[in-house]
Amino acid sequence: MIEENFTDLGINDELAAILKTKGFEHPTPIQKQTIPLILDGKDLIGQAETGSGKTAACAIPLVQQVDKSINDIQTLILTPTRELALQYLDEVSSFGTPYGVTPFVIYGGFNKGIHLAKLRSGVQILVATPGRLIDIIYNHYLTLENLKTMVIDEADEMLKIGFIEDVDFIKSCIVQKHQTLLFSATMPPPIKRLAGKYMKDAVHIKLNVDQSGPSSLTHYVIHTDSRAKDRQLSMLLAQKEIAQAIVFCNTRTRVKSLYKSLQDKFSGADYLHGGMEQNLRTRIMDKFRAKKIKFIITTDVMARGIDVRSVSHIINYDFPKTSESYVHRTGRTARLGKEGTAISLITRSDKEILKEVSEKYGINPVAFPGSDAQAGDSGSRQRRASGGSAEGRGPRPRRDYPRKTQRTQ
Ligand code: AMP
């Protein structure tokens with residue numbers, strides 16, 4: 001069978017050649033669906049998770065659509081977090097800059113003077129978090145009169161962190177006819193209303209039909225209690241199989257205290273949370289991407305969209321408070337067909353959410369090899385665990401998990 005190329009989808013030879021140098025030879029299934037529609041000027045609602053080439057599915061046609069002779073913002077991409085904004089910029093720049101278009105990113109917490117200077121020098125694709133953008137629009141530093149396309153990424157996350165009114169406001173500032181692309185993993189009523197208000201005849205596509213995530217992702221649980229968590233985590237982090245791991249905690253305070261207790265044992269550990277100064281967050285993400293950090297301890301700030309392909313393990317030191325968060329956290333590994341492992345430390349109070357993970361997403365984690373047999377409570381060995389034989393995964397943890405449970409939070 002002959003595989004499709006980007007040129008078959010309407011991407012020009014110059015951009016396709018640049019994509020090839022970046023290792024993008026064939027479009028992913030998502031890209032096959034969206035690229036022709038976007039080039040055709042259609043409004044689009046994509047129910048999508050990242051990890052399947054979603055960013056490029058949008059960014060490739062948007063780069064091609066830029067009129068290089070107009071030195072003004074033609075595409076606006078809104079993302080809920082700074083990390084996602086920076087990641088989006090990286091992807092757009094990697095082929096947009098050699099193609100000759102100028103992308104830029106603005107977000108809160110960074111020097112506004114530098115943002116303004118760059119905006120004045122001419123930016124064609126702007127990636128932004130809503131707060132800083134509104135600040136700049138309010139102060140008349142920016143007009144969007146040449147804007148042709150607006151992308152609202154991770155709309156449900158915007159809603160969750162209270163940005164949806166800001167998005168609504170920004171949208172209302174664009175008076176001319178333009179194309180809108182809205183991406184959201186779920187479609188709660190406020191997002192539907194927003195879409196209904198601004199998008200006419202949008203094509204609705206489900207980009208990732210299997211919500212349970214890739215089959216190359218293996219889900220494990222270890223039933224435990226809060227006193228045993230640190231010891232179990234140390235054992236897990238000592239596994240040779242780990243290329244890079246993200247360790248999730250539920251609060252910033254817990255991130256810091258866990259880091260303190262681990263920093264002497266594991267030299268490649270660091271931490272990141274939303275309360276840290278932005279420059280530091282960016283530096284830590286850069287180090288993580290460059291593999292200078294092996295274990296990153298974090299909150300849900302890293303749960304959405306973050307794409308670091310060498311992440312082999314997700315460890316839920318604290319089990320998430322929602323089943324959606326579980327899916328997002330574990331989606332940071334097993335990206336683009338790679339193998340990945342998710343291991344969750346479960347206390348009694350987490351069992352409800354674990355059940356919801358199974359009922360809503362069909363994910364049934366199995367007991368981590370060698371851990372307490374009661375882990376089988378959470379579900380039998382099923383399809384989700386078939387990514388590798390349990391025995392093949394790391395050393396067998398000692399059978400000394402305390403059975404007495406106690407509440408962690
Ligand atoms: P995303 O779903 O946007 O987070 O993308 C996941 C990863 O896939 C990113 O590292 C992209 O650079 C990469 N990627 C996207 N499209 C392709 C493609 N057609 N070929 C190879 N890699 C790709």
Side-chain angles (χ1 to χ4, degrees), residues 2-12 15-36 38-39 44 46-64 75 77-99 103 105 125 127 151-155 157 181-185 205-211 213-214 216-217 243-244 246 285-286 288-291 302-312 314 327-340:
I2 301 168
E3 271 203 85
E4 233 170 327
N5 293 317
F6 282 101
T7 46
D8 300 324
L9 305 176
I11 296 301
N12 63 39
L15 185 52
I18 293 169
L19 290 169
K20 200 167 176 181
T21 61
K22 187 180 147 61
F24 286 23
E25 222 162 314
H26 304 290
T28 64
I30 283 166
Q31 290 159 3
K32 284 184 200 164
Q33 274 197 70
T34 57
I35 290 174
I38 296 174
L39 288 178
L44 206 83
Q47 263 185 275
E49 239 293 13
T50 50
S52 43
K54 183 194 81 160
T55 315
C58 203
I60 295 169
L62 292 181
V63 161
Q64 178 161 310
T75 305
I77 299 158
L78 292 180
T79 72
T81 66
R82 301 156 187 183
E83 277 74 16
L84 278 177
L86 283 164
Q87 189 171 287
Y88 222 113
L89 179 81
D90 277 351
E91 187 91 322
V92 174
S93 307
S94 68
F95 45 85
T97 306
Y99 185 67
V105 66
I125 298 183
V127 187
V151 182
I152 305 166
D153 197 32
E154 308 263 358
E157 186 63 9
L181 313 173
L182 182 144
F183 292 92
S184 197
I205 42 177
K206 278 205 168 186
L207 301 178
N208 196 354
V209 182
D210 184 2
Q211 291 209 49
S216 55
L217 172 54
Q244 277 185 299
I246 305 179
M285 272 312 289
D286 287 347
F288 191 55
R289 282 185 211 288
K291 299 190 191 153
M302 273 187 76
R304 299 280 292 226
I306 298 295
D307 172 51
V308 179
R309 272 196 250 176
S310 45
V311 171
S312 56
I314 300 299
V327 173
H328 290 304
R329 286 181 181 187
T330 55
R332 298 312 104 222
T333 185
R335 300 180 66 79
L336 274 200
K338 277 195 152 198
E339 291 270 306

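Read the numbers this way: they start at 1 and go in the same order the structure lists the ligands and their atoms.
- Using a 4.0 angstrom heavy-atom cutoff, Q87 does not count as in contact with ligand 1.
- The distance criterion of under 3.5 Å between nitrogen or oxygen atoms is not met by A56 with respect to ligand 1.
- Contacts between F6 and ligand 1 below 4.0 angstrom, taking non-hydrogen atoms only, involve the side chain exclusively.
- Proximity of R309 to ligand 1, defined as any heavy-atom pair under 4.0 Å, is confined to the side chain (atoms from C-beta onward).
- Looking at E154 and K54, a side-chain N of the basic residue comes within less than 4.0 Å of a carboxylate O on the acidic one, giving a salt bridge.
- Here the side chain of T330 pairs a donor or acceptor atom with the backbone of V327 at under 3.5 angstrom.
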Item to check | K32 vs E4, side chain to side chain contact (heavy atoms under 4.5 Å, CB included): CA-CA, chis, key distance, verdict | outcome: CA-CA 8 Å; K32 284 184 200 164; E4 233 170 327; 3.3 Å; yes
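- Distances from atom 3 (O) of ligand 1 to the heavy atoms of D90, T55, D153, V308 put T55 nearest.
- Rounding to the nearest 0.5 angstrom, the gap separating the CZ atom in R329 from the CD1 atom in I314 is 9.5 Å.
- Near F24, with a cut-off below 4.0 Å to any heavy atom, the atoms of ligand 1 are 11 (C), 12 (O), 13 (C), 14 (N), 15 (C), 16 (N), 17 (C), 18 (C), 20 (N), 21 (C), 22 (N), 23 (C).
- The contact set between ligand 1 and D307, taken as ligand atoms under 4.0 Å from a residue heavy atom, comprises 4 (O), 6 (C), 7 (C), 9 (C), 10 (O).
- Aromatic ring orientation, F24 versus F6: parallel (interplanar angle below 30°, classes split at 30° and 60°).
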Item to check | Check against side chain to side chain contact (heavy atoms under 4.5 Å, CB included), Q87 and I306 | outcome: CA-CA 7 Å; Q87 189 171 287; I306 298 295; 4.0 Å; yes
